[in-house]
Amino acid sequence: MDGATGKLEAVGGKVEGAAGGLSLLAAIGFGKAPATVVISMLVLFAWALSTFATLMLRDYGVAAMGVHVGIAFGAVVVAGMLTGLIAGALGDAFKRHRPIGRGELVGKLATITTGRVDERFGQANLHEDGANLIVDVRCATPNALVRHTRVVLVSYDAAAHYYMVEPFESKDSIARP
């Protein structure tokens, strides 16, 4: 039993070590922006910095190979920091959005778009997060659901892919005694 625990701890240590190595990649923007954008920025900045530094030092007559290697290394380090800052700022632009699930629409208001709604037919238009969604709806008959009637989506039948609806009555439409 103790041998198995030791192996698991050793594996856990390797995993933590790998995650620590990946923190360098996270620092330069991987995970915040797409890899192609991060790599492109890193290459662009490193190239621009190394070219600029080489041209500046050439004017002073410095042409040693060791200096050029140092310039390349320094350019990659500075480019990594710049890339991390810009990728972090761009992170919200590349945010992944989760799609709306069918069951999440239950309780929302919709407007009937067909001439009638019964147990076998009907559609409604739903405005959700800036999108117009056309959903299949059903309601028990007899009912007064016709085009432009506001309804509430009461439940979702996943097997048949439709919503059961009920007429929506606002406070203004309820008769007061």
Side-chain angles (χ1 to χ4, degrees), residues 1 4-5 7-9 11-45 79-177:
M1 193 63 102
T5 305
K7 288 180 182 176
L8 289 176
E9 288 174 3
V11 170
K14 289 180 183 175
V15 171
E16 288 175 10
L22 295 177
S23 64
L24 175 63
L25 294 177
I28 62 171
F30 281 97
K32 297 175 189 168
T36 54
V37 173
V38 173
I39 292 169
S40 296
M41 285 192 301
L42 183 65
V43 169
L44 175 70
F45 294 146
M81 291 187 285
L82 285 172
T83 300
L85 289 172
I86 294 173
L90 291 176
D92 290 338
F94 295 109
K95 186 177 179 183
R96 292 187 181 114
H97 298 282
R98 188 181 61 82
I100 299 170
R102 291 278 186 177
E104 294 177 30
L105 297 176
V106 172
K108 304 285 184 178
L109 295 177
T111 305
I112 299 298
T113 57
T114 54
R116 65 180 169 82
V117 177
D118 57 31
E119 291 93 357
R120 298 181 303 144
F121 176 76
Q123 284 188 336
N125 191 8
L126 173 73
H127 300 284
E128 182 67 22
D129 290 337
N132 271 341
L133 304 174
I134 298 173
V135 295
D136 291 327
V137 296
R138 305 292 184 263
C139 187
T141 53
N143 64 51
L145 299 180
V146 294
R147 183 174 288 134
H148 304 296
T149 304
R150 300 279 288 166
V151 294
V152 177
L153 303 180
V154 178
S155 65
Y156 178 67
D157 185 346
H161 304 292
Y162 67 80
Y163 292 91
M164 289 299 292
V165 295
E166 294 291 329
F168 173 70
E169 297 177 4
S170 65
K171 289 193 273 185
D172 298 334
S173 65
I174 298 175
R176 293 193 174 107

Got a donor-acceptor contact below 3.5 angstrom from the [X] side chain to the [Y] backbone?
{"X": "T83", "Y": "V38", "value": "no"}
{"X": "T114", "Y": "R116", "value": "yes"}
{"X": "R150", "Y": "T111", "value": "no"}

For [X] and [Y], work out which heavy atoms get closest and say how close.
{"X": "V137", "Y": "Q123", "result": "CG2-N, 3.7 Å"}
{"X": "N143", "Y": "V117", "result": "ND2-O, 3.0 Å"}
{"X": "Y162", "Y": "Y156", "result": "O-CD1, 3.3 Å"}

Quiz item: Testing V152, L153, V151 for side-chain contact (heavy atoms from CB on, under 4.5 Å) with L109, which one passes?
Solution: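 With L109 as partner, V152, L153, V151 yield a single side-chain contact (heavy atoms from CB on, under 4.5 Å), made by V152.
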Taking the side chain as everything from C-beta on, heavy atoms only, tell me whether [X] gets closer than 4.5 Å to [Y].
{"X": "M81", "Y": "L85", "result": "no"}
{"X": "T141", "Y": "E119", "result": "yes"}
{"X": "L126", "Y": "N132", "result": "no"}
{"X": "L133", "Y": "L105", "result": "yes"}

Quiz prompt | Step-by-step side-chain contact (heavy atoms from CB on, under 4.5 Å) determination, M164 to R138 | solution = CA-CA 5 Å; M164 289 299 292; R138 305 292 184 263; 3.7 Å; yes
Quiz item: With sequence neighbours excluded, what pairs up with L82 under the side-chain contact (heavy atoms from CB on, under 4.5 Å) test?
Solution: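 Only F45, L49, V78 meet the side-chain contact (heavy atoms from CB on, under 4.5 Å) criterion with L82.
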Quiz item: When you look at CD1 of I134, are more than 12 heavy atoms from neighbouring residues, nucleotides or ligands closer to it than 6.0 Å?
Solution: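 At most 12 heavy atoms, drawn from other residues, nucleotides or ligands, come within 6.0 Å of this atom.
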Self-check item: Distance (rounded to the nearest 0.5 Å) between F168 CZ and K108 NZ
Solution: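 Answer rounded to 0.5 Å: 13.0 Å.
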Quiz item: In Å and rounded to the nearest 0.5 Å, what is the CD1 to NE2 distance from I112 to H148?
Solution: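 Result: 11.0 Å between the selected atoms.
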